[in-house]
Student: 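Please read through the structure below; I'll follow up with questions.
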Amino acid sequence: LEATPAARDVAFKAIAAEAERLLAGNLTVRLQALILLSELETVAANPAKNAPAVLYADALNIYFKVINDSKQPEAVRLLTASLTEKLLKESGLATNPPAKLRIEAGKVLAPLVAKNDGNEWYQKALVTALQAVNLPTIPDASNVQQPIIANTLHKVIADPMRTYMVRSKA
């Protein structure tokens with residue numbers, strides 16, 4: 001999409017709104033809507049300058065809703081966790097997604113990882129997404145910086161009820 005940043009922003013917000021509406025459709029439609037959001041680039045890659053593409057970080061807000069929605073099939077939530085990791089790792093700039101979205105990702109993902117709910121592939125995807133937050137501390141409920149992510153991953157490693165795949169990934 002060759003457009004100005006302002007035009008891309010308007011277009012991507014419209015695409016995101018429509019994608020969110022499609023998350024009530026059948027399984028294939030839901031998966032395609034999530035994948036589409038992960039492919040949106042606010043700034044195209046520039047191979048001549050060795051600059052990677054900057055992905056649409058606001059898709060994370062939709063991903064957080066999907067991951068927390070227990071009515072969504074586990075396959076949808078698994079893909080969403082994997083795409084969350086992709087956006088957190090490959091967003092293109094150190095400030096994209098902004099720290100605010102990274103903190104929100106940590107707050108959303110840490111309790112889900114701690115729950116030990118779902119199959120091992122879903123748990124593994126949640127663990128890798130939580131690792132991709134890449135913040136040493138995040139504020140807790142009383143706004144005090146805590147190593148919530150490291151503590152959660154440590155508990156996963158020490159939990160004998162988890163599969164070896166999930167524990168080794170943590």
Side-chain angles (χ1 to χ4, degrees), residues 12 15-16 19-42 52-94 96-140 146-170:
F12 290 172
I15 291 169
E20 197 165 6
R21 187 184 68 75
L22 292 173
L23 291 172
N26 69 42
L27 181 63
T28 304
V29 170
R30 292 175 198 203
L31 297 175
Q32 290 299 317
L34 293 168
I35 292 168
L36 170 68
L37 287 172
S38 75
E39 298 296 323
L40 298 177
E41 297 177 350
T42 55
V54 177
L55 302 177
Y56 182 60
D58 288 341
L60 286 171
N61 292 319
I62 295 171
Y63 290 170
F64 299 154
K65 291 177 191 174
V66 173
I67 288 175
N68 273 320
D69 186 357
S70 61
K71 294 179 183 171
Q72 289 287 357
E74 192 167 54
V76 171
R77 290 184 289 139
L78 189 151
L79 176 67
T80 305
S82 297
L83 294 174
T84 298
E85 175 199 5
K86 175 187 174 189
L87 280 178
L88 289 168
K89 279 187 174 178
E90 302 173 13
S91 51
L93 294 174
N96 183 49
K100 179 181 170 189
L101 280 174
R102 288 188 180 277
I103 290 168
E104 183 65 23
K107 288 180 177 181
V108 167
L109 295 168
L112 293 171
V113 169
K115 266 200 242 182
N116 191 11
D117 189 27
N119 73 44
E120 68 180 330
W121 290 100
Y122 176 57
Q123 291 178 33
K124 179 182 167 246
L126 287 173
V127 165
T128 56
L130 183 60
Q131 290 169 337
V133 171
N134 201 23
L135 291 175
T137 61
I138 57 175
D140 62 8
Q146 297 288 334
I148 294 169
I149 296 169
N151 290 345
T152 302
L153 294 173
H154 180 266
K155 289 175 185 173
V156 170
I157 292 169
D159 184 356
M161 300 306 293
R162 304 274 183 145
T163 65
Y164 286 117
M165 182 175 75
V166 174
R167 291 168 72 186
S168 65
K169 192 47 118 171

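All heavy atoms count here, side chains included; hydrogens, waters and symmetry mates do not. Along the sequence shown, the residues carry numbers beginning at 1. What you see is a predicted model; the values in this text were computed from it and never measured.
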Student: Going by heavy atoms in the side chains, are Leu101 and Asn61 under 4.5 Å from each other?
Tutor: yes

Student: Does NZ belonging to Lys86 count more than 12 external heavy atoms closer than 6.0 Å?
Tutor: yes

Student: Check Lys89 with Glu85, please: is the shortest side-chain N to carboxylate O separation under 4.0 Å?
Tutor: yes

Student: Hey, mind stepping through Thr163 and Trp121 against side chain to side chain contact (heavy atoms under 4.5 Å, CB included) and telling me if it holds?
Tutor: CA-CA 10 Å; Thr163 65; Trp121 290 100; over 6 Å; no

Student: Check whether any side-chain heavy atom of Leu126 sits under 4.5 Å from a side-chain heavy atom of Leu109, and report yes or no.
Tutor: yes

Student: Compare every heavy atom of Phe64 with every heavy atom of Glu104, then report the nearest pair and how far apart it is.
Tutor: CG-CE1, 3.4 Å

Student: Give me the atom names and distance for the closest heavy-atom approach of Ala81 to Ala129.
Tutor: O-CB, 3.5 Å

Student: Would you say the side chain of Ile35 lies within less than 4.5 Å of the side chain of Leu79, judging by non-hydrogen atoms?
Tutor: yes

Student: Could you walk me through whether Asn119 and Glu74 satisfy the side chain to side chain donor-acceptor pair (under 3.5 Å) test, starting with their C-alpha distance in whole Å, then the side-chain angles of each, then the deciding distance to 0.1 Å, before giving a yes or no?
Tutor: CA-CA 8 Å; Asn119 73 44; Glu74 192 167 54; 3.0 Å; yes

Student: Please walk me through it: do Asn134 and Ile149 pass side chain to side chain contact (heavy atoms under 4.5 Å, CB included)?
Tutor: CA-CA 9 Å; Asn134 201 23; Ile149 296 169; over 6 Å; no

Student: Under a 3.5 Å distance rule, please check whether Gln131 uses its side chain to pair with a backbone N or O of Lys169 as donor and acceptor.
Tutor: yes

Student: Would you check if the side chain of Arg102 reaches a backbone N or O of Leu88 as a donor-acceptor pair within less than 3.5 Å?
Tutor: yes

Student: Is there a side-chain contact between Val108 and Tyr63, using heavy atoms and a 4.5 Å cut-off?
Tutor: no

Student: What pair of heavy atoms forms the shortest contact from Leu83 to Leu34, and how long is it?
Tutor: CD1-O, 3.4 Å

Student: Nearest 0.5 angstrom please: Asp140 CG to Lys107 NZ, how far?
Tutor: 8.0 Å

Student: How far does CG of Asn26 sit from CG of Leu31, to the nearest 0.5 angstrom?
Tutor: 9.0 Å

Student: Just verifying a value: how many Å separate Asp117 CG and Arg77 CZ, rounded to the nearest 0.5 Å?
Tutor: 7.0 Å

Student: Output the distance between atom CD1 (Ile148) and atom CD1 (Ile138), rounded to the nearest 0.5 Å.
Tutor: 4.0 Å

Student: What's the separation between atom CD1 in Ile15 and atom CG in Leu36, rounded to the nearest 0.5 Å?
Tutor: 6.0 Å

Student: Rounded to the nearest 0.5 Å, what separates atom CD in Gln72 from atom CG in Asp69?
Tutor: 5.0 Å

Student: With side chains defined as the heavy atoms from C-beta onward, is the minimum distance between Glu41 and Val54 less than 4.5 Å?
Tutor: no

Student: Sort out for me which residue in Val127, Leu112, Val113 forms a side chain to side chain contact (heavy atoms under 4.5 Å, CB included) with Thr152.
Tutor: Val113

Student: Taking all atoms of both residues into account, what is the closest heavy-atom pair of Leu22 and Ala33, and its distance?
Tutor: CB-CB, 4.1 Å

Student: Taking all non-hydrogen atoms of both residues into account, name the closest pair between Ala170 and Leu153 and its distance.
Tutor: CB-O, 3.9 Å

Student: So, for Leu23 and Arg30, which heavy atoms are closest and what is the spacing to 0.1 Å?
Tutor: O-NE, 3.4 Å

Student: Determine, for Glu120 against Arg167, whether the closest basic-nitrogen to carboxylate-oxygen distance falls under 4.0 angstrom.
Tutor: no

